[in-house]
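Here's the structure we're looking at; comments come further down.
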Amino acid sequence: MLRIPINERPDWRRRAGEFGFHFHTMYGEPYWDERAYYQFTLQQIEKDLEDPTAELQQMCMSVIDTVVADEELLAKFGIPELHWQAVADSWRRRDPSLYSRLDLVYTGKGPAKLLENNADTPTSLYESGFWQWLWLEELVDTGKLSKGADQFNSVQEKLVNRFADIAHHYQSEQWHFACCKDTEEDRGTVQYLQDCAKEAGLSDRFVYIEDIGLADTGAFTDLEDLPIESLFKLYPWEFMLREEFAKHIDEAQVNWLEPIWKSILSNKALLVMLWRAFPNHPNLLPAYFADEAGKTDHGQWVKKPIFSREGANISVIKNGSETYATDGPYGEEGFIVQQYCALPRFADNHTLIGSWLIGDEPAGISIREDSSPITQDLSRYLPHIIL
Amino acid sequence: MSKRTSSINLSRMRKAFALKPISAGVAAVVLSGCGDRQEAFIYSSVDECVNDNPEYATQCQSAYQQALEEARRTGPKYNSEYDCEYEFGANQCRVQDVGGGSFWMPMMAGFMIGNLVSNRSYYYQPMYTSYSRYSPLRYRWMMADGRDYGDLRTRKVRVREDAFKPKPAVNRTIKRGGFGSSVRAKSSWGSSRSSGWGG
């Protein structure tokens, strides 16, 4: 695993405009950064990232079996009681999932460690599935990178196939796609998923989360009063289950992506349950509920809210006292602690690997760098190759 | 074996053209190539249907009438002329009394007819189009459920049988805004980033 500087494609910003990739620069800071790339060996990709990703996914699935059968755990996971049955039913039916991203700490050797599972609303999908793919194509075509260079990235191919399978599963070809208003990045991610769905032969309509309506028939509707049969929502279940329309979710009978059982995976309590079920597994870090006594008295720990995004409300605890904290609006549903595991540093950057699953299959990686030790919303995205 | 997506059709990933009416080719891919689909025709008038099928003039006439009835039942409904015109274009909507309420609805722009020449009875569906520059379905055939059937020149389409299933009657949306309140609450926290809930 190497970080190798390289010249940017001179016209990449124009090219980005052409393909509708508008969030490559955010808040005046670069987000997509092709002034360097990461290089892996095939062995590193397959043995250290791909295989463990598949295994971690299976381990996560076995945790769901435990949680849906245990009311105390469902409560600990912060899932409102009104929806316990829906979560269990959705899991029992094995409602298909579209995608997830496991965040891994990996230094280039030794086992990758699972930091968290973004199972419900992962982003950076377009940059991974399409844009870094195009970067490699163009660098190989112009002779800047070897023809032998490959990439761990079958995200787009697998997404298209997965949409076709899911549409077949539900016998539903008409899909709605939703995200919140006023976020170019989320809208771009959802547009990419619409593009993939279209490639799979599905029809796609867009509606903003805030515009979803409730009809007198009990169905959810779009702005044209069309009933929503099947919906991809880039909006977390933990929010939806606490909002006004939560009580109408069952009756609306929507085919959801992600399915509601993902509310168990996209939850940091999962990390605690994984460590309980698979103690000392090489790809796991020790993790406990923060209210379990005495766990953080020695060593360095990261305290995270069970619901948290973009690195918010995280603190570092060293031998029992807090040394670093980020601000944020989360935490009312409880916290977990996870053993601190420093991100590897490459040229003064802290580097985090996102490992994609489409359905249950490992499908590729994305790499983000941050100047701070906790990856936040201003991290940069860098492409990678296998050589 | 390569570890990456083998090929991507770049012309279909390009967004600079997305604002123009989508070319007929996109719909053709969606609508062809599957065994369990059947042929259907879209006509913008009874005359067109009769010209194409002189021996079925009666069926053309009655399919048109039945499609009109179906349009009344299942057509998109709006509470205001403005909303309807925003989607379908100026002068494309009129007010209709349906089931005790009064709504603005787009006028039927044509009808789809399937199975016309077989011995079994034919199928029909009302078809709509949009002339609004705000609509992705401008100059395209769509069904009441918003499904896209290609541009207005399209006559012959291959459709699944379920395209002819009666559409669920659309009732009034009684409330909006029941999702999305958390995002407003959390984003008021003034992070460097005001929105976006991906992880």
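Per chain, numbering begins at 1; letters A, B, ... match sequence-line order.
A:Tyr192 touches chain B through its side chain: at least one heavy atom from C-beta onward sits under 4.5 Å away, while N, CA, C and O do not. For chain B, no part of A:Ala178 is nearby; none of its heavy atoms comes within less than 4.5 Å. In this structure, the portions of B:Ser6 lying under 4.5 Å from any heavy atom of chain A include both its backbone and its side chain. For A:Asp204, no part sits under 4.5 Å from any heavy atom of chain B, backbone or side chain. For A:Arg205, the part lying under 4.5 angstrom from a heavy atom of chain B is the side chain only. With a 4.5 Å cut-off on non-hydrogen atoms, A:Glu116 does not touch chain B at all. Only the backbone of B:Met1 comes within contact range of chain A, with heavy atoms under 4.5 Å apart. The part of A:Ile249 that comes within reach of chain B is its side chain, from C-beta onward, which places non-hydrogen atoms under 4.5 angstrom from that chain. Of the atoms belonging to A:Glu229, not a single heavy atom falls under 4.5 Å from chain B. Only the backbone of A:Ala149 comes within less than 4.5 Å of a heavy atom of chain B; no side-chain atom from C-beta onward does. For A:Phe220, the part sitting under 4.5 Å from any heavy atom of chain B is the side chain, from C-beta outward, and nothing else. Residue contact with chain B, scored on non-hydrogen atoms closer than 4.5 Å, is absent for A:Val160. The contact between A:Ile212 and chain B is made by backbone and side chain atoms together, counting heavy-atom distances below 4.5 Å.
With salt bridges taken as basic N to acidic carboxylate O contacts below 4.0 Å, one links A:Asp150 and B:Arg4. Using a 4.0 Å cut-off between charged nitrogen and carboxylate oxygen, B:Lys77 and A:Glu224 do not count as a salt-bridge pair. A salt bridge links A:Asp225 to B:Arg176: at least one charged side-chain nitrogen sits closer than 4.0 Å to a carboxylate oxygen.
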* To do: Just do the ring pair (Phe, Tyr, Trp, His ring centres under 6.0 Å) check on B:Phe179 and A:Phe239 with the steps written out, would you?
  => CA-CA 8 Å; B:Phe179 285 129; A:Phe239 290 178; over 10 Å; no
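Put simply, CH2 on A:Trp131 and CE on B:Met13 are 10.5 Å apart, with the number rounded to the nearest 0.5 Å. Between the OG1 atom of B:Thr173 and the CG atom of A:Asp216 there is a distance of 8.0 Å, given to the nearest 0.5 Å.
Around atom CG of A:Asp141, more than 12 heavy atoms belonging to other residues, nucleotides or ligands sit under 6.0 Å away. In the displayed structure, B:Gln61 atom CD is contacted under 6.0 Å by more than 12 heavy atoms of other residues, nucleotides or ligands. In the displayed structure, A:Phe23 atom CZ is contacted under 6.0 Å by more than 12 heavy atoms of other residues, nucleotides or ligands. The environment of CD in B:Glu55 is crowded: more than 12 heavy-atom neighbours from other residues, nucleotides or ligands sit within 6.0 Å.
Between chain B and the options A:Leu223, A:Thr189, A:Ile45, A:Asp195, the largest number of non-hydrogen pairs under 4.5 Å is found for A:Leu223. Residue with the most contacts toward chain B among A:His248, A:Arg187, A:Glu157, A:Met240: A:Glu157 (heavy-atom pairs, distance under 4.5 Å).
No hydrogens or angles considered: nothing links the side chains of A:Ser154 and B:Thr5 as a donor-acceptor pair under 3.5 Å.
In terms of heavy atoms, A:Phe130 sits closest to B:Leu10 at CE1-CD2, 3.6 Å.
Listed by chain and number, the residues in a salt bridge (charged side-chain N to carboxylate O under 4.0 Å, His left out) with A:Glu244 are B:Lys175 (sequence neighbours excluded). For B:Glu69, there are no salt bridge (charged side-chain N to carboxylate O under 4.0 Å, His left out) partners two or more places apart in sequence or in a different chain.
Of the possible donor and acceptor atoms, one in the side chain of A:Glu243 sits under 3.5 Å from a partner among the backbone N and O of B:Ser181.
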